[in-house]
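Indexing begins at 1, ligand by ligand and atom by atom, following the structure's order. Note that the numbering runs from 1 along the sequence shown for the chain.
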Amino acid sequence: MTAPHRHALYTVAQVRALDRAAIDGLGIPGYELMRRAAAAAFAALRRHWPQVRRIAVHCGPGNNGGDGFLLALQAHEAGFEVRVLALADASGEGDAARARAACERGGVAVRRWREGEPLPEAELHVDALYGTGLSRPPGAPASALIEAINASGVPILALDVPSGLDADTGHCPGVAVRADLTVSFIGAKRGLHTGQAPACTGRVELATLGLPETLWQAAVPDAHLLQPATLPPRPRDAHKGRSGHVLVIGGDHGTAGAIRLCGEAALRAGAGLVSVATRAGHLPALNAARPELMAHAADGPQALEPLLARATVLAVGPGLGQGAWGHALWLTALDASLPLVLDADGLNLLAREPRRFQHDRPVVLTPHPGEAARLLGCDTATVGRDRFAAARSLADHFGAVVVLKGAGSLIAAPGGRLDVCPWGNPGMASGGMGDLLTGIIAALLAQGCSAWQAAGLGVGLHARAGDRAAREGERGLLAGDLLAPLRRLLNGLDA
Ligand SMILES: NC(=O)C1=CN([C@@H]2O[C@H](COP(=O)(O)OP(=O)(O)OC[C@H]3O[C@@H](n4cnc5c(N)ncnc54)[C@H](O)[C@@H]3O)[C@@H](O)[C@H]2O)[C@H](O)CC1
Ligand SMILES: [K+]
């Protein structure tokens with residue numbers, strides 16, 4: 001059983017409190033923490049790049065730089081050829097200044113880097129420019145140095161946080177290091193796992209610096225990383241009535257595919273029955289493509305009534321459109337007070353006609369950043385600047401569990417509970433992927449999951465299926481490619 005804190009995610013302020021607890025509570029000097037951080041990062045360097053012997057360490061003005069100076073000294077003492085570039089001249093008294101003095105006393109020259117100067121020859125760059133102290137977009141010369149390091153074609157190890165990434169939000173206000181590996185210290189910062197972070201961190205490893213478990217047991221994390229999970233095995237006497245009946249509503253003219261993908265995903269994810277209410281013109285194609293779906297022509301709300309009477313879960317939005325037809329079905333579905341997954345135009349209609357859901361009604365909203373922006377009445381850039389705040393605000397405002405999709409999808413519940421999905425890949429940013437997710441979550445609701453469970457399990461299964469399908473390449477990855485790996489994951493056939 002790995003330590004519980006391994007999946008815990010913290011804000012920068014919470015990690016600073018952990019640092020303080022180690023220093024003040026356990027009496028471990030900040031400088032000793034810095035030495036341990038450097039040692040942990042150096043050990044990771046040797047583990048991941050065992051042949052490397054020539055490194056360049058780029059040190060910023062604060063304690064992140066201090067980590068870099070001590071790593072440079074440890075590498076030098078281990079016989080590495082080490083070049084150290086500093087963004088600033090030596091100044092101040094603190095741990096970072098002490099680390100720099102130790103580095104120079106130990107025989108490692110520190111050179112002030114000036115914009116335009118060539119980088120030293122190295123087999124690996126160590127990014128010790130900024131960590132949790134980044135407070136604004138990197139200015140000159142830091143931004144020029146970051147761009148030079150990124151352009152070097154040489155592997156990059158980032159200490160604690162890739163410089164330029166906001167460790168609280170996963171947003172990069174300016175340029176940022178694109179590392180191959182990030183070794184983060186003491187507490188995993190929540191901003192390392194969502195938004196622009198996956199493009200900057202490379203692989204993320206947590207170094208706990210030999211601190212006792214009691215340190216984390218006293219801390220309340222801000223969020224958690226999703227853990228691999230699947231549904232429990234089906235009882236031998238299972239029958240379709242026990243696995244619910246999903247009714248998918250959508251598919252206006254020209255968007256039959258969305259409704260089919262959603263319905264098929266709901267079947268594959270284990271719903272007992274799946275009905276589809278859509279335009280009459282789609283029925284022949286739907287019946288031919290997936291006869292297990294029960295396709296019904298819904299030319300208006302009155303056609304929905306008998307279907308709503310039989311359904312146990314609603315999935316509303318794939319290909320629904322925002323016209324009179326879609327709007328009328330959407331209104332009827334929302335008034336049915338059944339467990340509900342709202343996606344795509346179902347969300348855009350909600351942005352036009354906001355309402356708060358009853359707390360006892362399981363509801364999951366699955367916006368991408370643009371839909372989230374419309375629901376919040378802001379622009380998409382604002383959502384990207386703080387995905388955590390956006391997801392939590394939506395959950396509280398609508399009284400629903402919210403999946404804020406994108407790199408590192410977030411799952412937020414009213415009251416602040418939040419999980420982060422560590423899986424998924426850019427190949428999944430293609431048409432139909434959202435329709436699949438909607439169907440999977442609806443099927444999990446139909447099998448008895450709560451809104452929180454269905455959202456977290458659905459997002460995790462969907463993203464892990466996407467990663468397995470991407471083993472054939474992220475380019476050309478189609479939504480339908482996820483259905484086979486999804487089935488394997490649901491049956492526990494893929495670790
Ligand atoms: N005991 C501990 O706290 C430990 C900390 N570790 C490392 O310390 C950094 C955090 O260090 P800090 O000095 O707070 O900030 P940074 O080094 O990240 O930033 C340096 C400094 O730079 C200034 N600054 C911020 N943004 C910019 C900018 N865009 N342009 C110019 N200057 C900027 C600001 O004044 C910052 O203070 C943490 O990440 C760890 O790496 C140890 O590893 C463990 C113990
Ligand atoms: K860094």
Colleague: Could you go through the side chain to side chain contact (heavy atoms under 4.5 Å, CB included) check for Thr11 and Phe388 one step at a time?
Modeller: CA-CA 11 Å; Thr11 62; Phe388 293 89; over 6 Å; no
Colleague: Test of understanding: given a 4.0 Å heavy-atom threshold, classify the contact between Thr132 and ligand 1 as side chain, backbone, both, or neither.
Modeller: both
Colleague: Sub-3.5 Å donor-acceptor pair from the side chain of Arg16 to the main-chain atoms of Thr132, do we have one?
Modeller: yes
Colleague: With a heavy-atom distance limit of 4.0 Å, tell me whether Ala37 approaches ligand 1 through its side chain, its backbone, both, or neither.
Modeller: side chain
Colleague: At a non-hydrogen distance cut-off of under 4.0 Å, which region of Leu134 contacts ligand 1 (side chain, backbone, both, or neither)?
Modeller: both
Colleague: Show the atoms of ligand 1 that are less than 4.0 angstrom away from any heavy atom in Ser135.
Modeller: 25 (C), 26 (N)
Colleague: Does Asp127 bring an N, O or S atom to within less than 3.4 Å of the K ion (ligand 2)?
Modeller: yes
Colleague: Heavy-atom distances under 4.0 Å are what count here, so tell me which part of Ile23 touches ligand 1: side chain, backbone, both or neither.
Modeller: side chain
Colleague: With respect to the K ion (ligand 2), please indicate if Ser163 possesses an N, O or S atom at a distance under 3.4 Å.
Modeller: yes
Colleague: Mind checking whether the K ion (ligand 2) has an N, O or S of Val161 under 3.4 Å?
Modeller: yes
Colleague: Show me which atoms of ligand 1 lie under 4.0 Å from any heavy atom of Phe185.
Modeller: 43 (O)
Colleague: What protein heavy atom sits nearest atom 45 (C) of ligand 1, and how far off is it?
Modeller: Leu33 CB, 3.7 Å
Colleague: Heavy-atom contacts with Pro138 under 4.0 Å: which atoms of ligand 1 show up? List them by number with element.
Modeller: 29 (N)
Colleague: Indicate if the distance from the K ion (ligand 2) to the nearest N, O or S atom of Leu159 falls below 3.4 Å.
Modeller: yes
Colleague: Take Glu205 and His48 through the side-chain hydrogen bond (donor to acceptor under 3.5 Å, both in side chains) test and state the conclusion after the steps.
Modeller: CA-CA 11 Å; Glu205 289 185 0; His48 286 272; 2.5 Å; yes
Colleague: Check Tyr130 against ligand 1 and report side chain, backbone, both or neither, counting heavy atoms closer than 4.0 Å.
Modeller: both
Colleague: Output the list of atoms in ligand 1 that are nearer than 4.0 Å to some heavy atom of Asp160, sorted by atom number.
Modeller: 38 (C), 39 (O), 40 (C), 41 (O)
Colleague: Using a 4.0 Å heavy-atom threshold (strictly under), name the region of Pro137 that reaches ligand 1: side chain, backbone, both or neither.
Modeller: backbone
Colleague: Gly60 near ligand 1, heavy-atom distance under 4.0 Å?
Modeller: no
Colleague: Within the 3.5 Å criterion, strictly below it, is a donor on Asn425 or Asp467 matched to an acceptor on the partner's side chain?
Modeller: yes
Colleague: Taking the minimum heavy-atom distance to atom 40 (C) of ligand 1, which of Leu70, Asp166, Asp67 ranks first?
Modeller: Asp67
Colleague: Do Asp435 and Thr438 have a side chain donor and acceptor closer than 3.5 Å?
Modeller: no
Colleague: Would you call Glu117-Arg111 a salt bridge at under 4.0 Å N-O?
Modeller: yes
Colleague: Test your reading of the model: is there a side-chain donor-acceptor pair from Thr194 to the backbone of Ala407, 3.5 Å cut-off?
Modeller: yes
Colleague: Taking all non-hydrogen atoms of both residues, which atom of Leu477 and which atom of Met433 are closest, and how far apart?
Modeller: CG-CE, 3.9 Å
Colleague: Kindly confirm or rule out a cation-pi arrangement of Arg356 over Phe398, judged by NZ or CZ under 6.0 Å from the six-membered ring centre and within 45° of its axis?
Modeller: no
Colleague: Applying side-chain hydrogen bond (donor to acceptor under 3.5 Å, both in side chains) to Ser163 and Asp127, what does each step give before you reach the verdict?
Modeller: CA-CA 7 Å; Ser163 298; Asp127 159 29; 2.4 Å; yes
